[in-house]
Amino acid sequence: MIACAPRRGRPDLPALRSRTSLRLAGALALLALLAGAVAGCESKMEAKECDKLRGDAFELVNKAQHCNTDADCRQSEWPGCAKPVSQATFDKIKPMAESYKTGKCDEPKVDCKSPPQSYCKQGLCVHRELGTGEGAGNTPTDQIQIQ
């Protein structure tokens with residue numbers, strides 16, 4: 001059997017139609033595959049998981065923050081308003097905060113004031129209260145104290 005070439009100047013319409021439909025079907029399949037992959041990558045974390053992450057972070061922040069020097073203390077960035085935390089606690093909370101953000105968890109709106117400086121006082125990280133120095137409420141040593 002001898003195959004004949006299509007005539008020049010005039011395309012073979014049935015062969016052209018089948019190639020076009022195959023290309024269209026392939027493109028649609030690829031598009032559907034990509035859409036499924038993107039949807040799978042952008043999954044939102046469940047509210048229960050978000051609450052657990054945030055609760056665990058609050059437990060760490062609300063514990064005593066031990067330190068040896070002022071350099072051991074810093075401000076927390078998450079959860080909630082800034083609190084004085086040790087560098088060790090900050091390092092534990094950082095991956096939790098990243099998971100919370102990548103999980104697209106809803107962060108409650110909190111009105112926070114600008115935090116005072118944090119420092120190490122008697123082995124614990126604390127905030128330095130604005131407007132008061134160390135021992136400001138104590139009687140000066142050059143005054144007579146009546147007991």
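Just the heavy atoms: all of them, side chains too, but no hydrogens, waters or symmetry mates, feed the values below.
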Report yes if the SG atoms of Cys73 and Cys67 are separated by under 2.5 Å, and no otherwise.
no
Are the gamma sulfurs of Cys120 and Cys125 separated by less than 2.5 Å?
no
I need the minimum non-hydrogen distance between Pro115 and Gln75, along with the two atoms involved.
CB-OE1, 3.8 Å
Taking every non-hydrogen atom, the tightest pair across Tyr119 and Arg128
CG-NH2, 3.3 Å
Taking side chain as C-beta onward, heavy atoms only, is Ser118 less than 4.5 Å from Gln65?
no
Out of curiosity, [X] [atom1] to [Y] [atom2], how far, rounded to the nearest 0.5 Å?
X: Met45; Y: Cys50; atom1: CE; atom2: SG; value: 5.5 Å
X: Asn62; Y: Thr89; atom1: CG; atom2: OG1; value: 10.5 Å
X: Lys94; Y: Ser99; atom1: NZ; atom2: OG; value: 12.5 Å
X: Asp70; Y: Gln117; atom1: CG; atom2: CD; value: 7.0 Å
X: Glu107; Y: Lys101; atom1: CD; atom2: NZ; value: 7.5 Å

Within 6.0 Å of CD in Gln87, more than 12 heavy atoms from elsewhere:
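Yes - once you tally the heavy atoms of other residues, nucleotides and ligands closer than 6.0 Å, there are more than 12.
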Any chance you could lay out the side-chain contact (heavy atoms from CB on, under 4.5 Å) test for Ser76 and Ile93, step after step, and finish with the verdict?
CA-CA 9 Å; Ser76 65; Ile93 290 175; 5.6 Å; no
Indicate if Met96 and Tyr100 have the same hydrophobic cluster label, given that clusters are the connected sets of ILVMFWY residues with side-chain heavy-atom separations under 4.5 angstrom.
yes
Same apolar cluster (I L V M F W Y, side chains within < 4.5 Å links), Leu53/Phe58:
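No.
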Test: Lys44 and Asp106 ion pair at under 4.0 Å:
yes
Between Asp51 and Lys48 (side chain of the first, backbone of the second, donor and acceptor by atom type, cut-off under 3.5 Å), is there such a pair?
no
